[in-house]
**Student:** 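Once you've had a glance at the structure underneath, I'll fire off some questions.
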Amino acid sequence: MFLLYLCLLQVLTGAQHEPGYCSFYEDCGLNPAVEGALIPPRVPCKDYRKAVNVTGDHYELFKSVCPMLAHGEGETLACCSIRQLTALQSSLTLSKAVLIRCPSCADNFAHIHCATTCSPNQSQILKITKTANITQPTGIVKEAVVGYEAYVSTSFSDASFRSCKNVRIPATGGYAIATMCGRYGATLCTPQRWLDFQGDSSNGLAPLDINFKLLPDGQTAGLPPGAVLFAGTALNCNETTPTGGEACSCQDCEQSCPAVPQPPPLPEPFMIGQLDGVLVICIIVFSCILLLLICYIERKISPKDVTCSDKASLATQEFLGSLFQTWGTIMARYPLIVLPVCLVVVLAFAVGIKDIELTTDPVQLWSAPQSRAMREKAFHDANFDPFYRTNQLILTAPDRPSHYYDSLLFGEQNFSGIISKDLIIELLELQQKIQAIELWSDELNRTASLKDVCYAPLNPDNPSLTDCAVNSLPQYFQNSMDNLNAKANMTELGVTKEVDWRDHFIYCVNSPLSFKDITALGMSCMADYGGPVFPFLAVGGYENEEYTTAEALILTFSLNNYARTDVKFKVAEEWERRFLEIVQEYQKNPNTNFTFAYMAERSLEDEINRTTAEDIPIFMISYAVIFLYIAVALGEYTSWKRILVDSKFLVGLGGILVVGCSVMASMGFYAWIGFPSSLVILQVVPFLVLAVGADNIFIFVLEYQRDMRRPGEKREEQIGRVLGNVAPSMLLCSLSESVCFFLGALSTMPAVRSFALYAALAVLMDFILQMTAFVALLSLDARRQDANRCEIACCVTVKTPHPSKPNQGVLLPLMKKYYAPALLNPVSRMVVFLVIFCACVFLMFHVKVGLNQELAMPSDSYMLDYFAYLYKYFEVGVPTYFITTKGFNFTSEEGINAVCSSVGCDQFSFTQKIRYATEYPEQSYLAIPASSWVDDYIDWLNPGSKCCRIYTAGPNKDEFCPANESFFICTKKCISVPENGVLRPSVENFNRFLPDFLSNRPDLQCPKGGLGAYDKAVVRDETGEIIASRFMAYHTPLVNSQEFTAALEKARELAHNITMTMRNVTGTSQDFEVFPYTVTYVYYEQYLTIVNEGLFNIGVCLLPTFVVCCILLGMDLRSGFLNLLTIVMITVDTVGVMTLWGIDFNAVSLINLVTAVGISVEFVSHLTRSFALSIQPTKVERAKEATANMGSAVFAGVAMTNLPGIVVLALAKAQLIQIFFFRLNLVITLLGMAHGLIFLPVLLSFLGPGVNNAVLLQIQEKKAKEMELNSKATYDNISFESHEKSNGEISVQPSYPVKAGIVSKTTQEPSEFETDVL
């Protein structure tokens, strides 16, 4: 009776927890409680029964789906029918598509569901919690299981989770677990949360609700009587599977990773103790120099035997003086012939300007055509589509308060003010307004819209508006207002609450690849164009992946980047113009609730062109100021009555015209020969030539004004004689600069090379025109002045005569009486020498290299706000491609293993090395591993998924069958199951199915399809050989040029390492290469070599200053060396001051430094020559004389000419002009003036060459001869500081260098030093 009672009780109460018994069996149909499922939610029938013995086809299917439970045919008991196994296989296939790359993970995942579905002890490990009646096709109503509770040991669940948590999705670089853990994503996922998501029927994938209870091994509390924990054996990810599957790769399993040495730490700064090492060395060196200066004893010069150098110097000066004197006399005698001839020559050159080609593309300006970056860019553009055009808004709402939302599923969440429904709706309205842009296109001869130019990754051939890639937060709701407004009541753990857009948003940002959320809303997270919207593309300004606290919304429209010759290029630009109009109008709307920044792909070029046009008046004003100064400063102004007679407005204007003509002639000549120009040339070259030309003009005109015409000497002869005095110095500077710039054209940078060529010819033309046209113009002006006619009204004359004594002006007396003596006292000489030398050496080691892109924008540009927002709110860096060239066999097993990162791949394969680099983002600048088409192709081919099948019936028989086709017409897999679990297609299959993979649109059934992700990543030739491919990774956020440059350098180091490894693969060509490429590399490559490039360019520019100075001074090596040393000091000091004023060293700086060398020649060479040819008794006296006489002309001609024009540039809007033209040119001018008028006189007073004994000897012989003839001495003004009589005394010796050729033709009273010689 008792046994009968027990049997009756068993029947009445249903399933018990006994070994060998099932709780449910057989397929009972679709779950009526699940709506909107992504796959058919088939559920089992409740049926407490003994486990069945599976045999035949049943066993074979069981063995393929749940091999871990198979114990041999006839020896295997199970609780699942063939229909159940088929449904389970279909469900597991979806998961295997992303997990199959790690066999042990896929096995463990299948083990969990096989245990609850098919375990022979099923009744012991679960308890049915919910059933539903389902009517069968036969009309019979059966009780189906729609919910149960499963008991799993934590040892099994934890081990299974560990084996899967690092499995990657190569297409995105993210983790597969992120798509399988629902709202928690990869970061917050745990074993419990992982299994909870698998058992949640609201996710669209689970057919019924499963409540997984995870308990420690041996714990029975909380278990029903007779129930036990399922504690199967979980495989570690570095273990092989019982079916022969290989251990997972390092990419998916940390335990499989080899020991990878950490990269070396970043180099420490050079220190000596606690002090900067450079500073310590400088102090030591400077102390030694100071000691030498203290010990230095200057001796006075006494006449000695004339050396060969003295003779050469004298001969050179005689020849040049005589030559230019004759030339100047001829030019002054025939001005009305010279001027038209010069005009014709200039016009002949300048006509070429009509064909001038201005280079505005920064890539062509700063990257050499044969540079590595340009070659890599050319390879990329020839084989792949260029980077798409980005049009983006970054929106904030700083005044909106945050709020907390108590979510049923996610708990209390803090929502920032910008993550609010009304702002999302406002963003959606703006997005839809932009999407609706239409415009008439002459190129297409029809109305064009976004779909004509947009980037449509999943339908590139014939896109609709919804196929366009638009990334934004509203895309989580498919841009649907209905979805955004959707609400639903949902019950969770006995609590019922309303769920809305906030729950859906939280879910989607944590699981962006989901086709259905787990809320009662049941909406997809995919964008309307079919792709995922990763959270860093929708929101910004968050920390630790707390997306609800984001401070910014991001809206991005991506357009195809057409070649400039393509008809659609103008359509895209016009669409972007309309985009900017709408955004700017929206920004001005007072009802706008956003504070935002924006940009279009055309914005950079637009803003640069705008600021160029707006700053042209600034340059015109600058030139006008310079002209006004020159015109005023050249005048003599001896009397108010003679102001209009002695003024030099026309001479000043003529000097400016000479500069302008030389620049025009240079530009016209190079335009004739087809050499392109640039805006930098238009802005810099006129300033440079003006500095050179103005200096020569001042020296020539002031010398003429300070000279007195000799008795019987004609005006033309006087002009010729004055030109003979000063032209050698002018030739020295101009020739040095011209040769300097011609050598600078050896630079590899196109902008520097073109600048150097234009500047060299312009300086040369300027000198030629000064020796011709300006001499003729001065002759005409002198004729007018001699006739006392006014300059403006030339018919009007004044009666006040010209003074009999030459005009010394204001500067010459001041410098002679006060400045030169104060500068050259013993104390100040040593201090000045030491301080300047110390500053220039120390500071040059601390200059930054680079050019931040925002500096190219005007100070009022909207792009500056965009860059600020970008650096502040964007959470990901630029993508970078690792590109392979022709010569590698991807089809061989060895080749596949050398590239891939899944099971069976080499531990140091192509993609594995990139993954290792991402573990050290601070040093590699890589944040996300590379997406790998090879890995996804292998997974796509795997027979464990539905991705690759073959039609077995119908018109497409034996062709590729996509996953969304019915199983009954596509029963054959592309590839058979490999024996060792490592799938490697044959060469034939690899080539056969690769096009199908690349054109297969990814979907729920097959997320591994290559369309969109890889269809443009593989390029094959007509034979099918892969000639180019690319693998996309992501940099860390890069915020300045130093980081961009370092990222490029590290990426190249990594690519080179990969190249060397892959060349060892059998059959690989030795010219095969892997290189990194992103659109920014061509801009920042220059900074890898710009220091060496700069040293080379400046070095070749400095060389002619030494050589020309030595030659024109008659092989005076010491003068040439001191001249060179001072110019080097100016250049180095300029670099040092750049550090203090925040001016980075870059290509624009380099052009200005090359210019600095040219301007420095003007500050230095005149003074050096004046000192070398002076005959004062001591070096100090000679330095004083050179400083007073030539220094005053240099100060008036170079410094005071440049400074007014430079100061005006501070008003420019362009930051590049403010920093690299105003600041840097101001620094160059001030330092040139300081070195030329302070450092150089001191240096010459210490180390300058001795007096030229050949000149002294010639004077001695001349005086002796004159004394014998007892002839009367005549007044001779050899230089603008002539031997005047002041208060009846001889004042000073000739201050302008005495030229032997002139001494031989003149007589004068001997100086004290000359008397001693005699």
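Keep in mind it's a predicted model, so treat the numbers as computed, not measured. What's counted below: heavy atoms across the whole structure, side chains too, no hydrogens, waters or symmetry copies.
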**Student:** Would one find more than 12 heavy atoms of other residues, nucleotides or ligands at under 6.0 Å from atom NZ of K886?
**Tutor:**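 Count not over threshold, so no.
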**Student:** Taking all heavy atoms of L320 and all of P728, pick out the closest pair and write down the distance.
**Tutor:** CB-CG, 3.9 Å
**Student:** Mind checking whether Y1077 and Y1081 have parallel, tilted or perpendicular rings, split at 30° and 60°?
**Tutor:** perpendicular
**Student:** What closest approach, in Å, do M765 and A665 show between heavy atoms, and which atom pair accounts for it?
**Tutor:**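 Closest pair (atom of M765, atom of A665, distance): CE-CB, 3.8 Å.
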**Student:** As a quick check of understanding, evaluate side chain to side chain contact (heavy atoms under 4.5 Å, CB included) for V1137 and L1230, giving each step before the final call.
**Tutor:** CA-CA 11 Å; V1137 177; L1230 293 179; over 6 Å; no
**Student:** Could you tell me whether E607 and R610 make a salt bridge, using a distance below 4.0 angstrom between a side-chain N and a carboxylate O?
**Tutor:** yes
**Student:** Does the side chain of D1071 reach to within under 4.5 Å of the side chain of T885, using non-hydrogen atoms?
**Tutor:**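 They are not in side-chain contact.
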**Student:** Answer yes or no: is there a side-chain heavy-atom contact under 4.5 Å between V849 and N1146?
**Tutor:**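 The answer is no; the side chains never approach within 4.5 Å.
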**Student:** So, the side chain of N852 versus the backbone of E854: is there a donor-acceptor pair under 3.5 Å, distance only?
**Tutor:** no
**Student:** Just so I know, are the side chains of V1164 and I1130 near enough to count as touching, which here means a heavy-atom distance under 4.5 Å?
**Tutor:**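 Yes, at least one pair of side-chain atoms sits under 4.5 Å.
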**Student:** In terms of side-chain heavy atoms, does T1089 have a donor or acceptor partner in N1092 at a distance below 3.5 Å?
**Tutor:**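 N1092 and T1089 do not have a side-chain donor-acceptor pair below 3.5 Å.
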**Student:** Do you know the tightest heavy-atom contact between L1102 and V1128?
**Tutor:**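 Minimum heavy-atom contact is CD1-CG2, 3.6 Å.
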**Student:** Could you tell me if the side chain of Y1087 sits less than 4.5 Å from the side chain of F1044, heavy atoms only?
**Tutor:**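 F1044 does not reach Y1087 side chain to side chain.
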**Student:** Working to the nearest 0.5 Å, report the span between CG of D766 and CE of M730.
**Tutor:** 8.5 Å
**Student:** Tell me, with the steps shown, if F1075 and F379 meet ring-ring contact (aromatic ring centres under 6.0 Å, His included).
**Tutor:** CA-CA 10 Å; F1075 63 85; F379 182 90; 5.7 Å; yes
**Student:** Go through the steps to decide whether M1138 and D1144 satisfy the test side chain to side chain contact (heavy atoms under 4.5 Å, CB included), and finish with yes or no.
**Tutor:** CA-CA 7 Å; M1138 286 168 58; D1144 293 347; over 6 Å; no
**Student:** For S666 and S662, indicate whether the former's side chain and the latter's backbone hold a donor-acceptor pair under 3.5 Å.
**Tutor:**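 Here the side-chain-to-backbone pair does not exist.
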**Student:** Can you name the nearest heavy-atom pair linking S1160 to I1127, along with the distance?
**Tutor:**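 Looks like CB-CG2, 3.9 Å.
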**Student:** Quick one: pull up CZ in F1121 and OG1 in T1126 and give me the separation to the nearest 0.5 Å.
**Tutor:**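 F1121 CZ to T1126 OG1: 9.5 Å, rounded to 0.5 Å.
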**Student:** Would you say S738's side chain and S734's backbone share a donor-acceptor pair under 3.5 angstrom?
**Tutor:**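 Looks like no, no N/O pair under 3.5 Å.
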**Student:** Walk me through whether Y562 and F569 qualify under ring-ring contact (aromatic ring centres under 6.0 Å, His included).
**Tutor:** CA-CA 5 Å; Y562 302 99; F569 176 79; 8.2 Å; no
**Student:** I would like to know whether F700 and V775 meet side chain to side chain contact (heavy atoms under 4.5 Å, CB included); could you show each step before the answer?
**Tutor:** CA-CA 9 Å; F700 184 25; V775 173; 3.8 Å; yes
**Student:** State whether a side-chain donor-acceptor pair under 3.5 Å links S754 with Y670.
**Tutor:**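 No, because no side-chain N or O of S754 sits under 3.5 Å from a partner of the opposite role on Y670.
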**Student:** Does F675 reach the side chain of L757, with side-chain heavy atoms less than 4.5 Å apart?
**Tutor:**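 Yes, side chains in contact.
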**Student:** Indicate yes or no for a side-chain donor-acceptor contact from S1165 to the backbone of V1161 under 3.5 Å, with no hydrogens or angles considered.
**Tutor:**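 Here the side-chain-to-backbone pair exists.
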**Student:** Under the criterion salt bridge (Lys or Arg N to Asp or Glu O under 4.0 Å), I'd like the reasoning laid out for K570 against E574: C-alpha separation, chi angles, the key distance, then a yes or no.
**Tutor:** CA-CA 6 Å; K570 290 186 177 180; E574 179 62 20; over 6 Å; no
**Student:** Measuring from M863:CE to S603:OG, what's the distance to the nearest 0.5 Å?
**Tutor:** 5.0 Å
**Student:** Can you tell me how the ring of F324 sits relative to the ring of F767, calling it parallel under 30°, perpendicular over 60° and tilted otherwise?
**Tutor:**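 Ring orientation, 0 to 90° scale: perpendicular.
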**Student:** Does the T1229 side chain pair with the main chain of L1203, one donor and one acceptor, at a distance under 3.5 Å?
**Tutor:** no
**Student:** Just verifying a value: how many Å separate M664 CE and L347 CG, rounded to the nearest 0.5 Å?
**Tutor:** 7.5 Å
**Student:** Measuring centre to centre across the rings, with the benzene-like ring taken for any Trp, is F387 within less than 6.0 Å of Y881?
**Tutor:** yes
**Student:** Is a salt bridge present between R375 and E1073, judged by a nitrogen-to-oxygen distance below 4.0 Å?
**Tutor:** no
**Student:** Is there side-chain contact between M331 and M771, with at least one heavy-atom pair below 4.5 Å?
**Tutor:** no
**Student:** Salt bridge or not for E573 and R577, using N-O below 4.0 Å?
**Tutor:** no
**Student:** Between CD of Q1218 and CG of L855, what distance do you get to the nearest 0.5 Å?
**Tutor:**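 Output value for this atom pair is 10.0 Å.
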**Student:** Is it true that E1085 and R1052 have a side-chain N and a carboxylate O under 4.0 angstrom from each other?
**Tutor:** yes
**Student:** I need the S1149 OG to I1090 CD1 distance, nearest 0.5 Å.
**Tutor:** 7.5 Å
**Student:** Kindly check if the number of other-residue, nucleotide or ligand heavy atoms within 6.0 Å of CZ (F384) is above 12?
**Tutor:** yes
**Student:** Take M667 and L761, measure what side chain to side chain contact (heavy atoms under 4.5 Å, CB included) needs, and give me the verdict at the end.
**Tutor:** CA-CA 9 Å; M667 296 179 65; L761 184 57; over 6 Å; no
**Student:** Are any of the side-chain heavy atoms of L769 and L657 separated by less than 4.5 Å?
**Tutor:** no
**Student:** Considering all heavy atoms of both residues, which atom of T390 and which atom of E601 are nearest to each other, and what is their separation?
**Tutor:** N-OE1, 2.9 Å
**Student:** Let me see the working for E576 and R389 under salt bridge (Lys or Arg N to Asp or Glu O under 4.0 Å), right down to the final yes or no.
**Tutor:** CA-CA 10 Å; E576 290 172 351; R389 301 175 69 91; 2.8 Å; yes
**Student:** Kindly give the heavy-atom pair with the smallest separation between F774 and I697, and that separation in Å.
**Tutor:**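 Scanning both residues, the minimum pair turns out to be CZ-CG2, 3.5 Å.
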**Student:** Contact between L1231 and T1134 at the side-chain level, heavy atoms closer than 4.5 Å - yes or no?
**Tutor:**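 Yes, close enough: below the 4.5 Å cut-off.
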**Student:** Do the rings of F1222 and W1141 sit parallel, tilted or perpendicular, given the 30° and 60° boundaries?
**Tutor:**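 The rings of F1222 and W1141 stand perpendicular, inter-plane angle above 60°.
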